[in-house]
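Have a look at the structure below, then the notes.
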Amino acid sequence: MARSVEPPASRPAGFDLGRLPPIRPALLVAAIVALALLVVFAELPGRPLILHVLQKLGHPAVFGIIAVGVLVLQLQRPGAAARAAWLQYLIAFAVAVGIGALTEAGQLFTHRDPSLRDVGLDARGIACALALAAVWDARCRPTAAAARLRLLYAAAAAALAVLILTPLAWTIAGYALRAQRFPVLFVPAARLDLLFVTGTGGRVERFALPPAMAHAPGEMALRVPLTTRPYAGVLLDEPAPDWRGYRTLVVEVTNPGRSELAFNVRVHDRSHNWTYEDRFNAAVAVAPGRRVVLEFPLEAVRSAPRGRELDLAHVAGVALFLGVSWLRVMDLLGHAILAAQAR
């Protein structure tokens with residue numbers, strides 16, 4: 001007795017994940033292992049910031065590919081057609097997240113620290129990739145609701161992709177704002193302005209100046225905690241780097257405390273070797289309850305490093321921080337409110 005065969009016309013048109021050409025399981029497993037090892041051992045520099053952001057984006061991209069690889073491995077197993085599609089997707093998600101957690105644990109054997117946040121990034125990429133796979137998987141689209149389900153999977157993948165790419169978009173916007181504001185190096189007008197600012201003694205935040213100290217109603221400044229931690233202060237990472245053609249670095253500081261605020265101003269370039277003598281340093285003091293404008297000639301900045309000139313075409317950072325010796329004799333350090341610009 002002849003057995004009936006499904007007519008070709010009833011097969012879904014176009015690309016279908018279930019009809020992929022066979023891929024050798026050993027090759028798929030080797031690719032998954034290689035990608036996992038890449039996450040553990042490959043590292044981009046922390047600066048410029050865009051490289052760090054791109055490395056973080058590598059997590060969802062890599063583990064999305066791993067998840068699809070695990071899914072394809074299941075599709076190629078004997079009897080795969082009889083297994084529920086949702087279960088195969090769930091297994092692919094769980095296995096890929098588990099591999100992501102293992103790679104974070106593996107970083108204990110490198111100089112990097114494991115991060116639960118990175119596992120969360122992995123999970124977003126995995127969910128995005130599997131939602132995208134479902135768009136082209138006929139098993140996930142019952143005939144009665146195929147169009148609606150396909151749209152739903154595509155919408156979920158798009159929403160996850162937007163969430164994953166948001167840090168990159170935020171960083172690009174930060175670089176654009178930095179270029180637009182130059183020659184102003186920093187002003188805390190919006191949250192985006194804090195992208196390149198790091199507090200070395202605690203979290204910095206935007207803060208409305210007290211009316212008695214403000215030049216205009218609602219004027220914002222940067223509030224910097226000055227704790228007893230050595231070198232507490234604020235670092236402006238990646239300022240607009242080319243200061244050639246300008247004459248003065250201007251730093252505006254408000255001291256709302258009851259004690260004199262004594263601190264150091266530091267400028268370093270891309271070639272800085274992290275010694276005191278290889279940068280510009282200036283010690284300054286601000287009386288309590290005062291708002292002052294400090295000016296530093298860029299010629300003095302240029303000639304400050306011992307044995308060379310500071311490269312004003314590639315300035316890499318500006319810092320305002322408290323010295324260790326001063327910290328040892330102070331009981332209450334208060335807060336500094338800082339704004340800096342070049343002119």
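Please read these numbers as outputs of a predicted model, since none were measured by experiment.
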Are Leu49 and Leu194 joined in one hydrophobic group, where the rule is that I, L, V, M, F, W and Y side chains link up if heavy atoms are under 4.5 Å apart? yes
Where does the angle between the aromatic ring planes of Phe182 and Tyr246 fall among parallel (under 30°), tilted (30 to 60°) and perpendicular (over 60°)? perpendicular
Checking Arg150 side chain against Val135 main chain: does a donor-acceptor pair fall under 3.5 Å? yes
Sequence neighbours excluded, the answer for side chain to side chain contact (heavy atoms under 4.5 Å, CB included) partners of Val284 is Phe263, Val265, Leu294, Phe296
Between Glu295 (side chain only) and Val250 (backbone N and O only), is there a donor and an acceptor less than 3.5 Å apart? no
Residue list, side chain to side chain contact (heavy atoms under 4.5 Å, CB included) with Arg291, at least two apart or on another chain: Leu209, His215, Glu219, Glu252, Thr254
Does anything in residues 267-279 pair up under salt bridge (Lys or Arg N to Asp or Glu O under 4.0 Å), and if so which pairs, sequence neighbours excluded? Asp269-Arg308, Asp278-Arg308
Leu116 atom CG, neighbour heavy-atom count above 12 within 6.0 Å: no
Where at least one partner belongs to residues 51-68, residue pairs that pass salt bridge (Lys or Arg N to Asp or Glu O under 4.0 Å), sequence neighbours excluded: Lys56-Asp118
Partners meeting salt bridge (Lys or Arg N to Asp or Glu O under 4.0 Å) with Asp122 (sequence neighbours left out): none
Nearest-0.5 Å distance, CG of residue Leu160 to CG of residue Leu132: 10.5 Å
Contacts of Ala283 meeting side chain to side chain contact (heavy atoms under 4.5 Å, CB included) (sequence neighbours excluded), chain-then-number -> Asn264
Within the distance-only criterion (no hydrogens, no angle test), does the side chain of Thr200 pair as donor or acceptor with the backbone N or O of Gly233 below 3.5 angstrom? yes
Decide yes or no for Ile164 and Leu121: does some side-chain heavy atom of the first lie under 4.5 Å from some side-chain heavy atom of the second? no
With sequence neighbours excluded, give me every salt bridge (Lys or Arg N to Asp or Glu O under 4.0 Å) pair touching residues 159-175. none
Decide yes or no for Arg124 and Phe63: does some side-chain heavy atom of the first lie under 4.5 Å from some side-chain heavy atom of the second? no
Who pairs with Asp311 by salt bridge (Lys or Arg N to Asp or Glu O under 4.0 Å), at least two apart in sequence or on another chain? none
So ring pair (Phe, Tyr, Trp, His ring centres under 6.0 Å) across residues 145-176, not counting sequence neighbours, yields Tyr175-Phe196
Val97 meets the side chain to side chain contact (heavy atoms under 4.5 Å, CB included) criterion, sequence neighbours left out, with Phe93, Val119, Ala123, Ile126
Going by salt bridge (Lys or Arg N to Asp or Glu O under 4.0 Å), name the residues that satisfy it together with Arg181, two or more places apart in sequence or in a different chain. Asp193
Can you list the residues that meet the salt bridge (Lys or Arg N to Asp or Glu O under 4.0 Å) rule with Arg244, with sequence neighbours excluded? Asp242
Surrounding CZ of Arg206 (heavy atoms of other residues, nucleotides or ligands, distance under 6.0 Å), is the total greater than 12? yes
